[in-house]
Structure formats: structure tokens, C-alpha cells
Amino acid sequence: MSRPAPFALRLLVRLHPPAYRRRFGDAILAFCDDRLAGARARGEVPLRIWARVLADLAISVIAEWLRAIVPRPLNDPGAAAAPRRLSTGDQMIAFAQEFVFAARSLRKSAAFSGAAIATLALGIGSTTAIFSVVESVLLRPLPFPEADRVVVPESFRASARGRWDITYADFMDWRDRKLFDKVAAFRGAQLDLAGPAEPVRVSAAVVTPEFFGALGIAPAKGRLLGEGDYSVSAARAVVISDRMWRAQFGARADIVGEEVELNAIRWPVVGVLPRGAEWPLDADVWVPLQLGSERDPDLQRRDNFVFSSIARLARGRTLAGTAAEMARLASLVAAEHPDIRKGISTVPTPALQCLLGDTTPRALWVLLGAVGLLLLIGCVNVANLQLARAAARQREMAVRTALGASRFRLMRQTFAESVTLAATGGVRGVLLARWMTGAIVAIAPADVPRIGESAVNGTALAFALAASLLVALLFGLAPAVHASRSAPAGALGDGGTRATTGRSGLRTRRALVVLELALSVLLLTGAGLAVRSITHLRGVDVGFDAHPVITASISLPGIRYNSSAKVVGFLYGLRDRLAAAPGIAAAGITTASPLNAGGFYLGRVMIAEGRGTGPDGEVPVNWNVATPGYFAALGMPIARGRDFTAHDDSAGTPVMIVSESFARAMFPGQEAIGKRAMSSRDEKVYREVVGVVRDVKFRAVRDTTQSLVWVPYAQNAWHFGIVTVRSSRGAAAALRALRRELGAMDHAIALANVTTMDEAMSRSIASDRLVATLLGVFATLALALAAVGIFGVLSYMVEQRMHELGIRVALGAQARDVLGLVARETLPMVGIGVATGLVAAFTLGRLLRSMFYEVQPGDPLTFAGVALTLSAIGVVAALVPARRAVRVDPVIALRSD
Amino acid sequence: MTPTSQTTPPDPESLLPLRALDVLVLTMLVGGARHGYGIRQDILDHSRGRIELEAGSTYRHIRRLEDDGLVAAAAAQHPADDDPRRIYYNLTPFGRKVLAAEMRRLRELVRLAESQRVISPARA
């Protein structure tokens with residue numbers, strides 16, 4: 001007697017198609033019973049048996065359902081055997097024939113194909129272009145072996161954002177405890193390279209012994225810096241980049257042993273790095289850090305955060321493990337030196353992440369998402385086009401079905417057409433992508449790392465291929481299923497094409513309209529917010545008059561300017577000569593230029609006089625050095641007090657000029673002029689405030705105001721300065737004057753980073769501008785596509801009802817009745833689509849709030865504008881064909897087929 | 001739409017070559033009616049444990065063979081105390097003809113292999 005089969009088996013049998021279940025269901029259960037009984041009797045492992053049985057039944061479910069969905073033609077069961085017996089060659093021919101037929105069919109409908117291919121090319125091309133940029137900037141690993149194990153140790157404060165450099169003492173801890181496989185510290189330097197023409201400013205890195213080991217690179221020529229190069233008595237040795245080897249030395253083969261003159265010192269080149277393998281990215285020269293002794297008190301300090309670091313994770317150690325260990329060490333240091341290290345810890349950041357920061361990846365992913373939306377909208381359009389075409393071809397499909405074509409065959413055919421369209425669109429798209437990538441690289445801000453390498457390479461092509469196939473699937477599926485569902489009898493009859501719109505076809509079309517509207521709203525809102533953001537950024541009051549100002553940086557070589565007197569004499573002399581030159585309104589020199597136009601941003605802390613020396617009274621400031629005339633040159637009015645004069649020198653009272661924020665923070669409620677404060681960790685000299693200037697946007701237009709301090713060069717001689725010149729005759733004249741005067745004083749000093757403040761301003765918002773531009777372009781394209789698409793679909797839908805509307809008009813319906821009828825059908829779709837899009841846009845806007853500058857995620861102006869635009873498009877798209885319906889002659893409408 | 005009946009009998013050769021498992025199933029039915037599990041056991045024994053079918057695949061083959069008219073469900077059940085859910089299958093006359101045609105084809109193939117010394121000729 002049979003027992004009831006186990007639940008799992010009965011369930012799987014239940015899942016089979018009904019017909020199959022009726023035929024074999026019980027027999028299968030009997031089989032399984034016998035099977036299990038037999039297995040038990042033989043003592044076989046139950047788990048294995050169950051696994052086999054269940055897997056087999058699961059496969060059977062799938063196989064039988066597939067067979068049920070795609071039945072064989074009804075008239076000749078034996079004919080189903082025919083495909084089975086086709087040889088591989090025949091099958092391949094049949095496969096190719098599908099595509100030949102598809103191509104022929106598409107060529108006949110030139111308008112349809114043209115529109116579809118153009119739309120697809122646009123979508124696939126734009127997406128591929130953005131992907132190329134994303135790939136080269138975000139995804140491509142750094143050119144070092146096992147690049148994901150290269151990390152940048154940084155210091156950070158748990159309570160505040162932002163990370164900064166490390167101390168040499170911390171570096172020694174990690175090195176001596178073997179926390180990493182290799183770890184190195186380095187400092188950046190700007191050196192003047194003497195060349196055949198004008199001297200050129202190059203970036204250099206002064207490195208500790210394990211630097212190249214941490215990166216893991218091998219030299220392309222010669223050797224890297226070795227143990228012997230680091231002792232103070234060692235011969236000079238320098239490694240140069242591939243870039244410099246090509247640009248400055250013409251890629252000569254005998255470079256090793258050649259000397260380069262940097263800051264008036266000759267260094268022999270011992271090696272050349274491989275192409276692209278630079279760290280930091282802009283460095284061209286690597287020099288060994290030759291220390292007298294590591295016991296130097298400056299190096300032992302725990303608050304001298306002036307070194308950068310690079311390291312390679314130890315074998316068998318993870319990033320998280322290393323981070324925990326670093327945090328532990330940092331907490332020990334904080335316990336030992338609470339006054340300077342409380343709350344400060346260290347962390348290893350993966351090198352690529354450190355390079356890219358936060359804003360760049362987010363902006364690029366947003367762009368990729370936006371262009372993906374554009375592609376989706378394009379797909380929706382093409383799907384609509386295909387549905388329309390399928391409806392027109394229903395008679396053809398019906399005939400073919402009657403002649404014996406299987407549903408599967410029809411589906412395959414429609415699919416072949418979709419793939420052909422997508423492939424053609426994809427190829428055109430790749431051409432578009434190449435142009436677009438070039439354009440993006442051209443207008444992109446230079447500080448986006450690796451963007452210059454963006455090109456449509458193999459990976460991008462593979463992406464384009466995958467995108468094309470996915471797209472074919474997306475827009476091809478619905479029409480293919482529809483094509484295979486045509487009922488022959490209905491379509492072949494007289495009222496064939498009229499009556500066979502099909503309820504499901506209508507539903508699909510409605511859904512597509514709603515989807516298209518929602519996607520367009522999303523994209524347009526994003527673009528709108530970005531445009532508003534950039535408009536705000538442009539209008540920000542930076543705190544100075546940027547217009548006719550140029551800046552250039554110079555660096556005085558220590559060998560010739562080996563005393564403060566010489567440095568000060570040169571800088572003040574240069575300034576005086578410039579100020580006196582014709583056409584120059586004002587000139588000055590400083591150590592850091594606003595809007596990230598160059599210089600050293602030095603952070604210090606200061607305490608007001610009388611506040612004691614504890615950490616409570618400390619105010620973090622940005623410390624700068626300037627000559628007299630700087631503020632006038634920059635157009636930064638001195639609100640109270642005076643500018644520096646020639647008398648503010650080493651013999652005079654230590655003075656400083658401060659910003660409003662500083663005055664408020666340091667001397668709240670009091671007049672700052674005449675008060676004193678000191679830099680509590682280094683100088684420890686009380687300086688008197690002689691002038692107060694308005695707050696200025698220092699690093700970037702998005703900057704929040706900071707406390708700024710300027711001291712005169714004559715009291716704090718730096719070898720570095722940014723010459724700032726204000727000219728009434730234009731930038732070119734100012735630059736000529738600068739070169740002339742500088743050359744007259746010392747022809748071996750290079751002018752570097754020559755820029756106008758306008759350019760600096762523009763550069764500082766360049767990323768935002770790029771994002772806004774691209775989003776604007778995509779949104780405009782999407783709007784055009786959506787408008788055309790929606791108009792087409794709604795017109796088509798109204799046209800399908802022409803017959804019915806004609807009858808109504810003939811029976812006495814008024815114009816407004818007809819309009820009302822159409823409106824009632826189409827307007828809700830428009831409403832739902834726009835509403836859905838707005839909700840999605842609002843949600844997304846909140847997630848990406850930090851990208852936009854002083855724009856609320858629910859910015860009313862943008863949302864209202866987008867809602868109105870798209871609603872208007874929807875309404876017009878609905879009502880124009882409705883009006884046509886109203887005006888049609890009922891007789892014609894009734895007769896139409 | 002119901003399938004129309006055949007006016008001319010189908011050609012046995014039109015179904016060749018048969019799938020390997022189909023050949024096995026048909027061969028196992030030569031000896032008399034078997035049910036699904038019985039067919040499975042026979043194949044298992046014949047292949048010395050190498051070919052092990054489960055329920056789904058067995059009935060998939062049976063379904064195909066039944067649809068092509070090579071096997072048919074036996075009209076009456078066998079032993080009265082047997083599991084009534086079991087369906088016993090018989091080889092149809094057409095099925096017999098198809099199996100014969102397939103065996104002839106295989107014999108030709110074996111003869112070719114023997115002539116080419118892939119295997120040594122069977123002793124008569």
C-alpha cells in the first residue's frame with residue numbers, strides 16, 4: 001500500500017504545469033516512494049539521495065514550464081522533431097538567417113530603424129563615455145603591484161572631518177614595530193630645474209629608504225635609491241620620472257649618470273621610474289631624505305604633522321587589523337601627550353581612496369546614474385516604437401502563425417530585430433562615445449586625478465557591448481512577447497487591425513508613458529539642482545576683487561639666498577620694482593593665495609595675550625606671510641587699521657594683520673587693533689594686531705570662513721612666495737612686467753603656476769561646473785526624447801480610438817466631450833508619472849544633498865519648474881491629437897481601417 | 001485544436017537517430033510492460049550502476065516517447081496489490097519498428113568501427 005509521499009516531494013510535483021501533473025504526477029510520486037524505499041533498504045546515504053531527487057524534480061519543474069510556455073505547433077507533433085535533427089551547421093545557418101531577415105525587415109522600415117538607432121546610439125554612447133571616465137578615474141587600480149595593499153597612513157581627529165599629515169615620530173613607531181611590510185615618510189618640495197630655456201618649477205618628493213619598496217615598483221632605467229644614498233655623507237643621487245625623462249631629456253638612452261640642476265645644486269640621475277608610476281602623482285623628482293640624526297627634537301615631536309606617508313600592508317595582515325593596531329598606538333601616544341595629542345588618532349587609508357577623496361567619486365557615480373536614466377528613457381522610446389510597429393505588423397504575424405511558425409520562432413525573430421537595432425546603435429554609440437570622452441577630458445578640471453587617461457579602451461568597449469545586449473533585452477522583451485501572442489483568427493479578419501490593440505498592449509503602453517515621465521522628472525530635477533548650485537557658486541562674494549589680478553609663485557634657492565636679509569631684500573625689492581612699474585596698480589607677495597591658487601596653507605594655533613597657555617584658549621588659524629601692498633594688490637580692503645610698511649621689520653615690533661573672524665574669535669566683543677596674541681606651539685612671540693581685513697573665501701568658493709593671520713616677510717622670512725600683481729592694462733602686460741623685473745633681479749628663478757585670479761576662481765568651481773554642464777546636456781536630451789516619445793504614444797493611443805470617437809461625434813458628441821474623454825484617459829497617466837518622479841527626485845536629492853551648494857533638496861523653484869514643464873508636455877501631447885480627433889469627419893473615422 | 005489523426009503511417013526512419021537514453025528505455029521495454037521505477041532499475045542494472053535516472057528525467061523521456069507514439073500506457077493494471085499510482089508502459093508496434101531501425105543503424109556503425117579496427121570484430 002502506498003504511503004502519503006513526503007511534503008517536499010508533493011510540493012515539487014504540485015509546481016509542475018497542470019497538464020503534466022495530471023498525466024504523470026501520481027506516477028512520479030510512486031517512483032519516488034520506490035526510490036526512497038530501495039535506498040533505505042540498501043543503506044545508502046539519505047542526504048545524497050534526497051539531494052538528487054529534489055534537484056531532479058526542480059529541474060523537471062523548470063523544463064516542463066518552459067515547454068508549456070513555448071508549445072510546438074499544433075498541427076504536426078512530429079514536426080517538433082525536425083529542429084532536433086538539424087546538424088550544427090544547419091542550426092548556425094538558421095541562426096544567421098534570423099539576423100539577415102531582421103536586417104532586411106528593418107531596412108524596409110527606414111524611419112523606424114533610423115529613429116530607434118539614433119536613440120540607442122545616443123543612450124549607449126553617452127553611457128559608454130561616462131563609463132570610460134569612471135573606469136579610468138575610479139575603477140582602475142593604481143599602477144603598482146597589488147595596488148590594493150598600498151595605503152596612506154594619515155592623522156585624523158575623531159570629532160572633526162578631514163585628515164592630515166603625520167609626524168616623523170609616529171612613522172618611526174610604525175617602522176620599528178614592523179606594522180607594515182614597508183613604510184616610508186616623505187615631504188614635498190618645489191624645486192627650480194635649470195634647463196636650456198627658462199627655469200622650470202618641478203615637484204619633488206624627499207623620501208625615506210622604504211619609499212619605493214612600499215610602492216613595489218622597479219626602475220625602468222638605472223636603479224632606485226638604495227641604503228647607501230641616505231647617509232648625510234653619501235654622494236648626491238636623484239631618481240626622475242618617465243615624464244621628466246621624456247620632456248626635459250628627450251628620452252635619451254644614456255640618462256643614468258647625467259646631472260640635473262635643481263635649485264642651483266647639481267644632482268646625478270641614478271634611475272628613471274616606469275611610465276605612469278609616480279607617487280605623489282605630480283612628483284617628477286625623488287630625493288633621499290638625509291637626516292643628521294633621528295633624535296633631532298623636531299623629528300621627535302608628536303605635534304609636528306608635516307610628513308606624508310606611504311606604506312604597504314604586511315603579508316597576512318588586513319587593512320582592518322592594521323588600522324586597529326595604529327589606533328592602539330595612537331591612543332598610547334595620546335595618553336602620553338594629552339596636551340597635544342588628545343583625540344587625535346592615525347588610520348591607514350587605501351591609496352586610491354586617498355587620491356580620489358569623497359567628492360569626485362560621488363560626482364562621477366551621479367553622472368553615471370544620470371546617463372543611465374537617459375539610456376533607460378531611450379529604451380522606453382524604442383520599446384514604444386517597436387510596439388507600434390508590432391501592432392502594424394499584426395496581420396503579417398498572423399499569417400506566419402497560420403503557416404506554421406511557432407511562437408518561439410516569432411519571438412526569436414522580434415528578438416533578432418532588437419539585437420540588430422541594439423548592435424547598430426551600439427556601434428554608432430561607440431563612435432559618439434569617443435568624441436564625448438575627448439570633450440569631457442578637455443573641459444574637465446585638471447585636479448581630477450587620472451582623468452587625462454580616459455579613453456574608450458577595451459574595458460569601455462566591453463561595457464558598450466554589455467550595455468547594448470542589456471538594452472536589447474530591455475526594449476525587446478515586451479514587443480517580442482506581444483508579437484508571439486497574436487491570435488491569427490482575429491487579425492486575419494476584416495476588423496483585424498482595429499480590434500486587436502489588446503488590453504495588455506494598452507496597459508504596457510500606459511506603464512511606459514508613466515515610466516518615461518518619472519525618469520525624465522528625475523533627471524531634469526537633478527540637472528536643475530546642479531544648475532542652481534553652480535549659479536550660487538558663481539555669485540559668491542569671495543571677499544576680494546579678483547578681476548585684474550595675476551599670480552605666480554617663486555622659490556628662492558637656499559644656496560644663494562642663505563640669510564633672512566637676502567631673502568627679505570629680494571622679495572621687498574621685487575615688490576617695490578613691480579609697484580613702481582607702469583600700468584601696475586599694486587603688487588605684493590604672500591605665501592598662500594586664495595581660491596587654492598597655490599601656496600602653503602599652514603595651520604597653527606594662537607592664544608590671545610592674558611589667556612594663559614592651556615588648550616582652552618587656543619584658536620586654530622591659517623598662518624600666512626605677506627609683504628606690504630599685498631592686500632591692495634588683491635583688492636582686499638583693510639577694514640580697520642593699516643597695511644604693513646617697510647618699518648615692520650626684524651628690528652621693529654612684531655605685528656600681524658588679521659581677518660574679521662580671527663578678531664571675533666580671539667578678542668570677542670573688543671576692538672582687535674592694538675591687542676596681542678601668539679602662536680603657542682612654535683613662534684611663541686606676541687604679535688600686535690595692526691590691521692583687520694574682511695573675511696575671505698580662502699581655499700575654495702565653498703569654504704566656510706576661517707581665521708586668517710598675515711605677518712610680514714621681514715619678520716618671518718620664507719623662501720617661497722606668490723607674487724600678486726594688479727594691473728590696469730590686463731593680465732598679459734602684468735605678466736610681462738613681472739618677468740622683466742624678476743629676470744632683472746635674478747634670471748635663475750622660475751615663475752611657476754602663473755594664473756589670473758579669474759582662472760583660479762573658475763578652476764575652483766570647475767568640478768561643479770562640469771557636473772552641472774553634463775547633467776544639463778543629459779537632461780536636455782532626455783527631455784527631447786521623452787517629449788517625442790510621449791507625444792508619439794499618446795497620439796497613437798488616441799488614433800486607436802478614432803473609430804470610437806468618430807461614432808460618438810456622429811451621435812452628437814460635442815468637442816468638449818471628446819476632449820474630456822481623451823483627457824480622462826491620458827491626464828491621470830501624466831499626473832502619476834510626474835508625481836512619482838518628483839517623489840523619487842526628492843528622496844534622491846536628500847541623499848545627495850552635500851553635492852549641491854546652498855540648494856535645498858526640495859528646492860521649490862526647481863521642482864515647480866520641472867513639474868510644470870513635464871506636465872505641460874504631457875498635456876500638449878495628449879490634447880493635440882484629441883483636437884485632431886474632434887475635427888475629423890465622422891464618416892472618414894467610421895470608415896477607417 | 002485537436003491533433004488530426006495520421007492518414008499515412010509515419011516512417012520509422014524519420015525519428016532516427018534516437019537519443020541514447022531513449023534507446024535504453026525502449027530496449028528495456030522489449031521484455032514486457034514496465035513502470036517508471038522498473039525501467040530505472042533495469043537501466044541501472046544494465047549499465048552496471050553507471051546510469052542512474054531520477055523521477056523527473058525518467059518521465060520526461062517517457063513523455064517524449066509516448067508523444068511520438070513509441071510507447072503506450074498499458075490499459076490494465078498488473079498485480080492487484082500493486083501501488084495504483086504506477087503506470088505501466090508497453091512498446092507499441094511502431095515503437096518496435098523504430099527500435100529495430102535504430103539497432104540496424106547501430107549495427108552498421110559497429111561494423112564500420114570493426115573494419116577500422118577501433119574494436120576487434122565480434123566472434124560469430
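Naming convention: chains lettered A, B, ... in sequence-line order (proteins, then strands); numbering from 1 in each chain.
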Atom pair [atom1]/[atom2] of [X] and [Y] - distance to nearest 0.5 Å:
X	Y	atom1	atom2	result
A:Phe31	B:Ile62	CZ	CD1	8.0 Å
A:Ser60	B:Glu54	OG	CD	11.5 Å
A:Asp56	B:Thr58	CG	OG1	7.0 Å
A:Glu64	B:Arg60	CD	CZ	6.5 Å
A:Asp34	B:His35	CG	NE2	6.0 Å

Would A:Arg23 and B:Ile87 satisfy side-chain contact (heavy atoms from CB on, under 4.5 Å), going step by step from the backbone distance to the final call? CA-CA 10 Å; A:Arg23 200 167 156 192; B:Ile87 305 175; over 6 Å; no
What one should report as the nearest heavy-atom pair of A:Ile28 and B:Ala55 is CG2-CB, 3.8 Å
Write down the atom of A:Phe24, the atom of B:Glu66, and the distance for their closest heavy-atom approach. CZ-OE1, 3.8 Å
Heavy-atom cut-off 4.5 Å, strictly under: side chain, backbone, both or neither for B:Glu52 against chain A? both
[X] atom [atom1], neighbour heavy-atom count above 12 within 6.0 Å:
X	atom1	result
B:Arg105	CZ	yes
A:Leu47	CG	no
B:Arg117	CZ	no
A:Arg52	CZ	yes

Evaluate the side-chain proximity of B:Arg63 to A:Arg67: yes if any heavy-atom separation is below 4.5 Å, no if none is. yes
Report the option among B:Ala73, B:Gly38, B:Gly36 that has the most heavy-atom pairs separated by less than 4.5 Å from atoms of chain A. B:Gly36
Go through the atoms of A:Ala55 and report whether side chain, backbone, both or neither lie under 4.5 Å from a heavy atom of chain B. neither
